[in-house]
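Predicted model, so just to flag it, every value in this text is computed and none were measured.
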Amino acid sequence: MTELAPKSIEQLAASHAGITADSRRVAGGWLFVALPPSFSGGQDGRDYIGAAIENGATAILTDDGAVAKKISGDKNIAIITSDNPRRDLSLLLSARAGAMPRNIALVTGTNGKSSIVQMARELWARGNLSAASIGTLGIVREGAAAKSTTTLSHTTPDPEWLYPALAALHRDKVDHVAMEASSHGLHQYRLDGIIGQVVAGAMAELSQDHLDYHQTLDHYYQSKLRLFTDILSIGGRAIFWQHCAVAEKISAICDQRQLTKIMMSRKKNSAATLFLSRVTPTDNAGQVMDFQFMGKNYQARIPLTGHFQAENALTALMMVMKDNSAGELQKYLPHLATLSPIRGRIEKIAEHRGAHFFVDYAHTDAALATALQTLRPFTKRNLIVVFGCGGNRDATKRPKMGRVANELADKIIVTDDNPRGEVASKIRAAILAACENGIEAENRRQAIAMAVAMADKGDVVLVAGKGHETGQIIGDKTLPFDDAEVIREEIKNDRK
């Protein structure tokens, strides 16, 4: 028993009224794909075979044919077996959706993915190409018409939603797409249906995250590396920084798979395609980047704050290029100066009593450290941080984030992020155990109000963890909450 052959994929995609892994969506003549659990304790699609048959399924794709036959009994149900129904589902849905955009660039990593795909989309658009980005900030189209955004529930969308959406972009003449590739999406084979269209793959900043799902850091890293081992097309551009924890592995994969290696470096290195020699802040919170590309010196400006955004911008630049020619570099280089602010990424929200207020999506210890280090040079008095940690997620991050805040911030308010199904006070206690300078606020609005009240001239306030999000998950409900709006509201209240 193996994965389905390409011919079988084509036949199955064409011969059923619909294909789904959700038994509730099944109708007459549909193929139901019974997915095995993606992690210990996860949902098992085999438990829903009976419901799918009742709803009209005429075929079942599963990794356990014996169970499917037993459930179907004497009904005339086709049972198709495969070692990897998750991958087959993506291939089936891709085949069914039709033609996809021909130039797809994927970026994985822990931090920076949303910034990079937005930058890539804007660079393509500035180069007169119709472009879109897909990820945490939704599907954003940018072309001749006004920019449009579609909200998503996952960083890398479910394949039943993703492939029709990509096909729709292609029908609308959008053939350049930059997309975030999450570790969950890569591990669950959500992207395997676009292998032929992925011309560039990049690794953003990499640190610990999602160990509630992956269990070990090695499994997390290996899931990320699937972008280079399995998804990126032969000859495609593999973009990574030399200081990345898996740089040597990516380099070896490039040699094995005949990928075009684009290694960037913070230090002069003859093996690097690009060497970032200097980043100089400007008075208007922008930066000037001096770098060498293919041995020649270049300079570019970006209207964004932080060394990490300089690295993100260069990563995006390498993603949108098709080759390493000086001519193509010069085509995009001037457009770096026109990049838009990234929603929820070191985003300045307001000034009040001479203090500056920022929000950032930082929800790992490494990302929080980067955000605080980025804002420190702009702080003349106290650097104040408000943050928490999500419930039902990797609990090992909590003391790590507490320690980072304790080391890098002057005043710390520990509050709730998205507590979900956990007791919020226990999450806060785990952070505070490693953060002796922290004070506790029982809810996020109260925490922001406290920061507004204590901030004065020369201070910088960072509200971290939620960034662009407009809701807070408490229990099984998502309540309206936008850090940026709450900051503005509490400043207004403070002025009364």
Side-chain angles (χ1 to χ4, degrees), residues 1-98 100 154 156-164 166-167 181-196 213-216 219 222-223 225-227 229-231:
M1 186 169 61
T2 59
E3 297 170 353
L4 295 180
K7 187 173 182 180
S8 297
I9 293 288
E10 292 176 13
Q11 291 173 342
L12 289 170
S15 60
H16 291 87
I19 299 170
T20 184
D22 186 343
S23 62
R24 297 167 297 183
R25 294 190 61 210
V26 172
W30 281 48
L31 166 64
F32 174 65
V33 184
L35 299 177
S38 58
F39 60 95
S40 178
Q43 207 167 55
D44 191 335
R46 291 170 297 191
D47 294 338
Y48 300 91
I49 290 175
I53 292 173
E54 287 181 11
N55 288 339
T58 55
I60 306 295
L61 172 60
T62 176
D63 63 349
D64 194 335
V67 168
K69 287 176 183 177
K70 184 176 180 180
I71 295 171
S72 62
D74 58 359
K75 294 175 181 159
N76 186 25
I77 305 294
I79 308 298
I80 306 139
T81 56
S82 165
D83 282 337
N84 196 346
R86 284 190 177 277
R87 183 173 186 272
D88 293 332
L89 175 64
S90 288
L91 297 177
L92 286 163
L93 293 168
S94 175
R96 190 173 179 82
M100 305 283 169
H154 293 89
T156 303
D158 182 278
E160 294 186 41
W161 195 96
L162 174 62
Y163 295 111
L166 285 170
S182 69
S183 61
H184 293 70
L186 288 163
H187 179 243
Q188 294 173 12
Y189 301 93
R190 295 181 206 165
L191 296 165
D192 284 56
I194 54 170
I195 288 174
Y213 177 91
H214 293 284
Q215 300 300 307
T216 68
H219 189 274
Q222 290 302 320
S223 297
L225 287 170
R226 279 204 73 235
L227 171 56
T229 58
D230 297 347
I231 307 298

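- Looking at heavy atoms from C-beta onward, S72 lies out of side-chain contact with I60 at the 4.5 angstrom threshold.
- Annotation: the span from Y48 atom OH to I53 atom CD1 amounts to 15.0 Å, rounded to 0.5 Å.
- Between P85 and P36, the closest heavy-atom pair is CG-CD, 3.6 Å.
- The structure places OG of S223 at 7.5 Å from CG of L186, a figure rounded to the nearest 0.5 Å.
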- Step-by-step side-chain contact (heavy atoms from CB on, under 4.5 Å) determination, V33 to T20: CA-CA 6 Å; V33 184; T20 184; over 6 Å; no
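- Atom-to-atom distance recorded for S90:OG and I195:CD1 is 9.0 Å, nearest 0.5 angstrom.
- For the pair D192 and R226, the salt-bridge criterion is met [side-chain N within less than 4.0 Å of a carboxylate O].
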- Query: Step by step, would you call L162 with L191 a side-chain contact (heavy atoms from CB on, under 4.5 Å)?
  - Reply: CA-CA 9 Å; L162 174 62; L191 296 165; 3.9 Å; yes
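- Of the possible polar contacts, none joining the R46 side chain to the D64 backbone as a donor-acceptor pair under 3.5 Å is found.
- Between the side chain of S15 and the backbone N or O of Q11 there is at least one donor-acceptor pair closer than 3.5 Å.
- Between I194 and L166 there is a side-chain heavy-atom pair separated by less than 4.5 Å.
- With L61 as the partner, the side-chain contact (heavy atoms from CB on, under 4.5 Å) test is satisfied by one option alone out of L12, L92, T81: L92.
- Taking all atoms of both residues into account, the shortest heavy-atom contact from I9 to A95 is CG2-CB, 4.1 Å.
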- side-chain contact (heavy atoms from CB on, under 4.5 Å) between F32 and I49, intermediate numbers included: CA-CA 8 Å; F32 174 65; I49 290 175; 4.1 Å; yes
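- Checked by atom type and distance alone, the side chain of Q188 never pairs as donor or acceptor with a backbone atom of R86 at under 3.5 Å.
- Taken from CZ in R25 to CH2 in W30, the straight-line distance is 4.5 Å, to the nearest 0.5 Å.
- Between the side chain of S94 and the main chain of G193, a donor-acceptor pair closer than 3.5 Å is present.
- Without hydrogens or angle criteria, S182 side chain to G185 main chain gives a donor-acceptor distance under 3.5 Å.
- Closest of all the heavy-atom pairs between S23 and N55 is O-ND2, 2.8 Å.
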- Under the side-chain contact (heavy atoms from CB on, under 4.5 Å) criterion, do L93 and I19 qualify, and how do the steps go? CA-CA 7 Å; L93 293 168; I19 299 170; 4.2 Å; yes
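- In this structure, the separation between CZ on R96 and OH on Y163 is 15.5 Å, given to the nearest 0.5 Å.
- Across all non-hydrogen atoms, the minimal contact from A57 to I77 is O-CD1, 3.3 Å.
- Panel note: side chain T216, backbone H219; a donor-acceptor pair is recorded below 3.5 Å.
- Rounding to the nearest 0.5 angstrom, the gap separating the CG atom in L89 from the CG atom in N84 is 10.5 Å.
- Side-chain atoms of R190 never come within 3.5 Å of backbone atoms of P159 as a donor-acceptor pair (strictly under, hydrogens ignored).
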